[in-house]
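Below: the structure, in structure tokens.
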Amino acid sequence: MIVAKLNRDKLQRLAEAKLAEARILLDNKCWTGAYYTTGLAIECALKAYLARGIQQHDFPDKKFVNDAYTHKLEPLVRLGGVLWAELQEATNRDEKLQSN
């Protein structure tokens, strides 16, 4: 069985591709598809960010790895540490971000 491995570079490329697809959907007023695909782009970007902290020959923490295997954005942002604090600060400053 061949298992496709995702690394930081692949995740970054996936994030960029999904964002481009979301833009096409948005431009064509496919709101639900644009929203969903943007979420995929964000998920891939967050996972690429998290992957940068794992060195090639390091054995990653099991809890970190298990927690990263999610499609939920909040737990992924929380794994990023400083990202969560920055998101909270931005949310407190921006009413639109806060409501969304």
Side-chain angles (χ1 to χ4, degrees):
M1 175 168 74
I2 298 175
V3 178
K5 294 183 182 181
L6 287 177
N7 59 32
R8 184 173 183 228
D9 292 335
K10 288 179 185 176
L11 286 164
Q12 286 175 326
R13 286 194 303 272
L14 272 172
E16 291 167 1
K18 292 299 168 194
L19 196 56
E21 292 170 9
R23 171 54 63 190
I24 292 167
L25 291 166
L26 186 63
D27 289 346
N28 286 284
K29 298 180 174 40
C30 298
W31 315 121
T32 305
Y35 179 83
Y36 176 79
T37 307
T38 300
L40 289 176
I42 293 168
E43 178 185 343
C44 290
L46 286 169
K47 287 181 178 181
Y49 175 82
L50 295 172
R52 78 182 174 100
I54 300 171
Q55 299 301 314
Q56 181 179 358
H57 299 291
D58 287 352
F59 197 78
D61 178 69
K62 182 179 179 180
K63 181 174 177 6
F64 177 85
V65 172
N66 287 339
D67 290 349
Y69 273 87
T70 183
H71 298 293
K72 296 178 181 177
L73 297 181
E74 183 178 331
L76 288 173
V77 174
R78 284 182 181 272
L79 280 175
V82 70
L83 286 178
W84 182 250
E86 289 176 2
L87 178 61
Q88 294 306 304
E89 287 177 25
T91 301
N92 290 334
R93 287 191 312 268
D94 187 332
E95 286 183 30
K96 286 184 180 180
L97 183 59
Q98 194 172 48
S99 68
N100 289 299

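None of the values given here were measured: they were computed from a predicted structure. The first residue of the sequence shown is numbered 1, and numbering continues consecutively from there.
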message: Through direct or indirect side-chain contacts below 4.5 angstrom among Ile, Leu, Val, Met, Phe, Trp and Tyr, which residues connect to Tyr36?
response: Leu40
- line: Residue pairs meeting salt bridge (charged side-chain N to carboxylate O under 4.0 Å, His left out), one or both in residues 11-37, sequence neighbours left out, come to Lys18-Glu21, Arg23-Asp27
- prompt: Taking atom CG of Asn7 and atom CD of Gln12, what is their separation to the nearest 0.5 Å?
  reply: 9.0 Å
statement: residues 90-100 vs salt bridge (charged side-chain N to carboxylate O under 4.0 Å, His left out), sequence neighbours excluded, gives none
query: Under the side-chain contact (heavy atoms from CB on, under 4.5 Å) test, which residues partner Leu46, sequence neighbours left out?
result: Ile42, Leu73, Leu76, Val77, Leu83
- request: Supply the atom-to-atom distance Leu19 CG to Cys44 SG, rounded to the nearest 0.5 angstrom.
  value: 11.0 Å
- prompt: In the hydrophobic cluster built from side-chain contacts under 4.5 Å, what are the other members alongside Leu25?
  reply: none
statement: Nearest heavy-atom contact between Arg8 and Ala51 is CB-CB, 4.1 Å
message: Exactly one of Val65, Asn66, Asp67 should register a side-chain contact (heavy atoms from CB on, under 4.5 Å) with Lys63. Which one does?
response: Asp67
statement: Rounded to the nearest 0.5 angstrom, the CG-CG distance for Asn92 and Leu87 is 9.5 Å
query: What is the distance from atom CD of Glu86 to atom OG1 of Thr91, rounded to the nearest 0.5 Å?
result: 11.5 Å
task: Kindly state each residue pair satisfying side-chain hydrogen bond (donor to acceptor under 3.5 Å, both in side chains) with at least one member in residues 37-54, sequence neighbours excluded.
output: Glu43-Lys47, Glu43-His71, Tyr49-Arg52
